[in-house]
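Contents: one structure, followed by commentary.
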Amino acid sequence: MFKGRKKTIVRMSQLVVPTLREDPREAEVVSHKLLLRAGFIRRLAAGIYTYLPLGFRVLNNVSNVVRQEMDKAGAQEVFMPSLLPAELWKETGRWDMYGKELFRIKDRHERDFCLGPTHEEVITDLVRNAIRSYRNLPVNLYQIQTKFRDEIRPRFGLMRGREFMMKDAYSFHTSQEDLEKEYQNMYKTYCSIFERLGLKYRVVEADSGLIGGGFSQEFMVLADTGEEELFVCPKCDYAASRESAGVGEFRVADSQSTGTSKNALKEVHTSGTKTIEEVAAFLKTSPDKTIKTLIYETETGPVVALVRGDHALNEAKLKRVLGVQDLRLASEKVIEKVTKAPLGFSGPVGLKGIKIVADNCVPLIENGITGANKKDHHIMDVSYGRDYKADLIGDIRFALCSDVCPKCKKGKFDVLRGIEVGHIFKLGTKYSEKMKCVYLDENNQEKTMIMGCYGIGIGRTAQAAVEQSFDKDGIVWPMTLAPYKVAIIPVNSSIPEQMEVAEKIYSQGRGAGVAILLDDRELRAGVKLKDIDLIGIPIKVIIGKALKDGKVEIKLRKNGEVKLVPEDRAMDEIKALLA
RNA sequence: CGGAGCAUGGCUCAGUUUGGUAGAGCGCCUGCUUCGGGAGCAGGAGACCGUGGGUUCAAAUCCCGCUGCUCCGACCA
């Protein structure tokens with residue numbers, strides 16, 4: 001591949017690997033610290049990184065596996081622009097919907113552009129022009145490319161950057177069944193990708209967010225420090241992200257009496273109490289007796305959402321239940337207009353002319369407590385049906401680990417942590433319809449294409465691997481990801497015999513196409529060994545004392561295992577380890 | 001965007017309270033001695049103390065503005 005090049009630098013004395021002895025202040029999580037310390041990446045600005053030679057090699061290792069598996073699955077690689085005209089985004093409405101996360105810029109003619117955070121619009125535009133017949137469907141096009149998102153809070157190095165490498169694929173179909181087939185094909189492809197990369201992962205049901213569409217699944221690399229919570233049922237195969245985990249059973253809170261006698265409504269003065277906790281404490285009861293009332297604004301007007309006081313409302317679920325796209329907490333002004341009372345005293349009783357959505361658990365509350373829609377007042381002994389009604393009742397809260405699996409209704413959730421590295425979506429016609437991406441079927445009928453979309457965070461995957469595999473000395477790369485598989489370390493570079501053997505094995509390795517590194521630096525053994533371990537090279541060939549007997553050491557990073565072999569057998573041994 | 005904090009050689013930090021000629025460790029360069037898990041000695045280079053203004057005889061230090069970065073909450077691969 002690089003035949004034209006005279007030599008690639010794989011001598012440590014020449015390689016740019018600025019390792020650091022101390023943890024950089026900017027890093028918080030282990031993987032970020034290690035990538036910085038071991039000289040893989042450097043920060044340029046918040047969430048924007050340079051990949052140094054080692055880092056870039058790892059990135060390419062991920063990309064290559066992804067590319068091979070995608071090609072094998074029948075997808076075709078393309079390369080789309082990063083700089084995108086606003087018109088396309090206006091066509092789907094996402095120019096307005098995407099919000100502040102979209103990097104927007106103007107050209108010299110004051111025309112609007114953005115830096116691509118994802119490419120549904122671009123690919124759909126391409127396909128609607130390039131493909132007109134059912135004969136040319138289905139297709140799956142993908143690219144590996146830099147994406148831009150003006151994240152609210154860039155974090156943890158490559159985990160959440162503002163500029164990051166991503167593989168995104170888009171498939172186009174003539175039927176739902178065909179999409180289903182490709183979705184399964186991609187599911188399998190993703191499994192083999194993450195298996196080849198040597199990662200422990202789980203697949204969970206997920207919310208599809210801004211990308212939209214219906215069903216989607218996330219691939220999570222398991223790591224205790226992961227940002228995501230996965231709700232996994234121990235009794236069946238159900239697994240979901242925190243965002244989308246369902247609630248299997250609606251029970252009354254433990255503290256509620258089983259008695260059903262309804263007391264009469266009572267208004268109480270609760271001056272100075274605003275939060276649920278304050279109100280519950282003031283009235284000497286627990287938060288699960290209260291009804292939390294939240295006012296939201298949507299594109300179809302304000303709505304009132306009710307959840308039990310000890311539950312957290314899940315906006316993604318609320319969006320789904322309401323069937324709205326735009327959802328945000330109402331301003332105090334709107335709250336006052338809707339409830340005629342200041343923030344902190346809202347309640348469903350007596351509200352008119354506004355849609356009310358209640359969580360499944362809310363109607364079960366007897367003699368509950370909620371705001372009186374009157375400053376400094378709450379009402380007690382509120383019961384559903386008698387005192388208020390909801391227009392919609394559904395699952396709109398976050399699941400808790402005490403909740404029951406919605407699938408088998410038996411297991412209580414285990415909560416694991418993970419890092420989202422892949423996401424597959426069934427988009428349906430969300431984009432193709434708006435953008436008139438159509439084809440002619442065999443009956444000369446115009447039909448809208450059905451789409452799927454499949455992403456993998458390349459840099460994030462690389463960093464997730466570190467998060468999953470490190471020790472006190474540094475990174476322990478899985479073989480596939482390691483920037484170099486083998487490092488040759490002459491213990492004392494001032495002994496000519498050691499250097500000779502080192503050079504010999506090095507050139508044998510290069511001749512055999514092994515990704516091999518020679519630590520030819522004139523440094524003490526300890527420094528070289530520490531550096532190579534920090535970098536995480538899987539196999540070390542240590543040339544030292546044993547050379548007197550014509551032997552070298554082969555030591556594994558993973559478990560510290562050492563094997564003494566005759567120097568002329570070293571290469572065979574390495575090849576066996578790599579096979 | 002709300003809350004907290006930080007900004008001083010390449011890296012990690014001290015110095016700021018109580019203004020008075022900019023420090024340490026690591027790294028880097030030179031030489032000597034060392035040489036199997038971050039060596040020792042000697043010599044040396046390297047900083048307009050984030051930025052703009054103000055107070056003062058005098059500001060890294062006090063005051064005001066700005067910017068950048070990190071962390072905690074709502075978004076995403």
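Residue numbers start from 1 in every chain, and the chains themselves are labelled A, B, ... in the order their sequence lines are given, proteins ahead of strands. This one's a predicted model, so the numbers in the text were calculated from it and none came from an experiment.
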Now, which nucleotide makes the Watson-Crick or G-U wobble pair with [N], with each of the two distances under 3.5 Å?
N: rA47(B); answer: none
N: rG9(B); answer: none
N: rA42(B); answer: rU30(B)
N: rC57(B); answer: rG20(B)

Would you classify [X] as touching base, sugar-phosphate or nothing, given that sugar-phosphate means primed atoms plus P, OP1 and OP2, and contacts are heavy atoms under 4.0 Å?
X: Pro18(A); value: nothing
X: Gly161(A); value: base
X: Ala27(A); value: nothing

Side-chain touch Leu141(A)/Leu126(A), heavy atoms, less than 4.5 angstrom: yes
Return the value, rounded to whole Å, for the distance between atom [atom1] of [X] and atom [atom2] of [N].
X: Tyr170(A); N: rA77(B); atom1: OH; atom2: C1'; result: 11 Å
X: Glu522(A); N: rA39(B); atom1: CD; atom2: P; result: 16 Å
X: Ile152(A); N: rC72(B); atom1: CD1; atom2: C1'; result: 14 Å
X: Arg94(A); N: rC76(B); atom1: CZ; atom2: P; result: 11 Å
X: Tyr454(A); N: rC76(B); atom1: OH; atom2: C1'; result: 20 Å
X: Arg162(A); N: rC69(B); atom1: CZ; atom2: P; result: 6 Å
X: Arg43(A); N: rG10(B); atom1: CZ; atom2: P; result: 15 Å
X: Arg42(A); N: rC69(B); atom1: CZ; atom2: P; result: 17 Å

Atom of Thr19(A), atom of Asp531(A) and distance for their closest heavy-atom approach: OG1-OD1, 3.1 Å
Closest approach of Lys317(A) to Ala399(A) (non-hydrogen atoms, all atoms of both residues):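 Nearest pair, atom of Lys317(A) first, then Ala399(A): NZ-N, 4.3 Å.
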Give every pair of a protein N or O atom and an N or O atom of nucleotides 13-16 of chain B that lie under 3.5 Å apart, one pair per line with the distance.
{"unit_1": "rC13(B)", "atom_1": "OP2", "unit_2": "Arg25(A)", "atom_2": "NE", "d": "3.3"}

Check the angle between the aromatic planes of [X] and [Y] and answer parallel, tilted or perpendicular using the 30° and 60° thresholds.
X: Phe103(A); Y: Phe148(A); value: perpendicular
X: His32(A); Y: Tyr49(A); value: perpendicular
X: Phe194(A); Y: Tyr190(A); value: perpendicular
X: Phe56(A); Y: Tyr51(A); value: tilted

Any donor-acceptor pair under 3.5 Å from Lys504(A) side chain to Asp568(A) backbone: no
Side-chain donor/acceptor of Arg155(A) to base of rC72(B), under 3.5 Å: no
Under-3.5 Å donor-acceptor pair between Arg37(A) side chain and rC11(B) base: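 In this structure, the two groups form no donor-acceptor pair.
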Qualifying residue for side-chain hydrogen bond (donor to acceptor under 3.5 Å, both in side chains) with Tyr431(A), from Glu120(A), Arg94(A), Glu121(A):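 Per the side-chain hydrogen bond (donor to acceptor under 3.5 Å, both in side chains) rule, the option paired with Tyr431(A) is Arg94(A), out of Glu120(A), Arg94(A), Glu121(A).
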Steps toward ring pair (Phe, Tyr, Trp, His ring centres under 6.0 Å) verdict (Phe219(A), Tyr187(A)): CA-CA 9 Å; Phe219(A) 285 71; Tyr187(A) 182 98; 5.6 Å; yes
Contact letters for nucleotides 24-37 of chain B, in which S counts primed atoms plus P, OP1 and OP2 and B counts the base, heavy atoms under 4.0 Å: -BSS------BBBB
